[in-house]
Number of protein chains: 2
Amino acid sequence: MGNRRLQILDAAAELISERGFTQTSIEDVIKHSKLSGKSHFYHYFKSKEELGFEVLNRQFERFAERGLAILREPMIDPMERMGLFIDAIVTLQAERGGRGGSPFGTLAAEMADVHEGFRLRIETVFERWASQLRSLLWEARPQLHDDVDAVRLSRFIIATLEGALLMTRVKRDVGVVEGIAVDLKRFIAMHAKDGAVGTLVPARALANVA
Amino acid sequence: MGNRRLQILDAAAELISERGFTQTSIEDVIKHSKLSGKSHFYHYFKSKEELGFEVLNRQFERFAERGLAILREPMIDPMERMGLFIDAIVTLQAERGGRGGSPFGTLAAEMADVHEGFRLRIETVFERWASQLRSLLWEARPQLHDDVDAVRLSRFIIATLEGALLMTRVKRDVGVVEGIAVDLKRFIAMHAKDGAVGTLVPARALANVA
DNA sequence: CTAATGTTGGACCGCGCAGTCCAAAGCGCA
DNA sequence: TGCGCTTTGGACTGCGCGGTCCAACATTAG
């Protein structure tokens, strides 16, 4: 069954996002996937490197399902979708008790300067994420100031969220990412024309913008 | 000489901030420090773990010298100092050709969930950094809106910078951190009363705020 | 010149892990 | 029941690395 393969992949994804790639051994993965016998692993994967690549893809898939999907809901106002998306990331982090941070960020920090293959794939992952954000900003264009640079703004959003997840992990306090999320929404709201902010920012916080 | 110790420490700092802790072997460190003989290392350090802790301290020292110092220049307007500080981080990253990212961030992502000792020390490092930013914001209080939350804002600044360094590293493009720095300054300027922005943001960019 | 006291280099040990291999256990099929 | 074929478990190998140890060398003192 290709089912087994997925089982291994998910176990690996969990361990790697917690401990990092190098700190996760094949034996750990096999044990954690409720299978036994290392040959099983090498039946489905060529090498640990291949596992790493596929875990990265899988993480992005899941992220796309649970987080990025919100960005494409056609019935919701774009600005509101942005807020929901940020909330989703906070929720995801809260569910894990502040541990584990961003699966991409962790892998990125660990491998970017060590393994060119990983670096390129991580770059692709971030690029796909960024492109989703750009689409949303494009959709929201009528509500935004004319000189908003979607490329720069989407990068800013990703960087801030990644940094927030990292700090949350270090402090083991979900409050960190929550606070940063609030500010990030305010920053995004700053790019919108008056009255187009929707539920992105509570009225009180808008005092600073006006 | 305690000089040798520093030599090892600096070699290790460089390697660790590029490759990460686990990917850096004692032999690499010794070779890179132009010494030879592993016993030399163990003459100055109890273990690799101790090396890691001290590298973290040393990185923070250097960062405090070259970056954080700007925050305390008493002759410069606080808001302007903030801008200079952000510029300094961009410059530091540019000097390394986009590689290596933040020394703290790299170590944090790698070790936070693996080694409690590292996590605590990294938490301390971030806290010290945050406290410097808070001091500056306190100094700038007369120029800021009354409801500015210094704790939250300082966390936001650190998170965004850390995320920016990470993405710069992944894309190997210093332009990323440069762009994010511009936006970050605009976000900070948003908290200042009109006319108190100084050189933080070029007049053109302020259009969005007003 | 010799003895005592550091330095320095590197051989060596043990361990953990990626990756290989084979033997035993299922399992269809007649 | 007996025979091939696949699945499964785990023993084994080679290697890299953290950490120890000791032998050779330098240095200073008498």
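First the proteins, then the strands, lettered A, B, ... as listed; each starts at 1.
- The aromatic rings of B:His40 and B:Tyr44 sit parallel, their planes meeting at an angle under 30°, below the 60° perpendicular limit.
- Ring geometry for B:Phe126 against B:Trp129 counts as parallel: the plane angle stays under 30°, on a 0 to 90° scale with 60° as the upper cut.
- The distance from atom CD of A:Glu49 to atom C1' of C:dC17 is 16 Å, rounded to the nearest whole Å.
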Under 3.5 Å between N/O atoms: give me all the protein pairs with nucleotides 9-11 of chain D, atom names plus distance.
from   : atom 1 : to      : atom 2 : distance (Å)
D:dG9  : OP1    : A:Ser36 : OG     : 3.3
D:dG9  : OP2    : A:Ser36 : O      : 2.5
D:dG9  : OP2    : A:Ser36 : OG     : 3.2
D:dG9  : O5'    : A:Ser36 : OG     : 3.3
D:dG9  : N7     : A:Ser39 : OG     : 2.9
D:dG9  : O6     : A:Ser39 : OG     : 3.1
D:dG10 : O6     : A:Ser39 : N      : 3.4
D:dG10 : O6     : A:Ser39 : OG     : 3.3

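- Put simply, NZ on A:Lys46 is 15 Å from C1' on C:dT20, counting in whole angstrom units.
- Of all heavy-atom pairs between B:Ala109 and A:Arg169, the closest is O-NH2, 2.9 Å.
- Per the geometry, CZ belonging to B:Phe45 stands 15 Å off P belonging to D:dT20, to the nearest Å.
- Atom CZ of A:Arg4 and atom C1' of D:dT6 are 14 Å apart (whole Å).
- Heavy atoms only, all atoms of each residue included: B:Lys48 and B:Thr24 are closest at NZ-O, 2.9 Å.
- For B:Ile8 and C:dT8, the CD1 to P distance is 11 Å, given to the nearest whole Å.
- Put simply, the side chain of A:Thr160 does not reach to within 4.5 Å of the side chain of B:Phe187, judged on heavy atoms.
- Nucleotide D:dG19 holds its C1' atom 14 Å from the CG atom of B:Leu51, rounded to whole Å.
- Among residues two or more places apart in sequence or in another chain, the salt bridge (charged side-chain N to carboxylate O under 4.0 Å, His left out) test is passed with B:Asp87 by B:Lys185.
- Within a 6.0 Å radius of CZ in B:Arg172, other residues, nucleotides and ligands contribute more than 12 heavy atoms.
- For the pair B:Asp28 CG and D:dG19 P, the computed distance is 15 Å after rounding to whole Å.
- Here D:dT7 presents its P atom at 15 Å from CG of A:Asn3, a figure rounded to the nearest Å.
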Contact list (N/O, under 3.5 angstrom) for nucleotides 13-16 of chain C vs protein:
none

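- A:His115 and A:Phe118 have perpendicular rings, their planes meeting at more than 60° on a 0 to 90° scale where under 30° would count as parallel.
- Among the protein residues, A:Thr22 comes within range of no part of the nucleic acid, since none of its heavy atoms lies under 4.0 Å from any strand.
- Because its NZ or CZ atom is both nearer than 6.0 Å to the ring centre of A:Phe60 and within 45° of the ring axis, A:Arg128 counts as a cation-pi partner of that residue.
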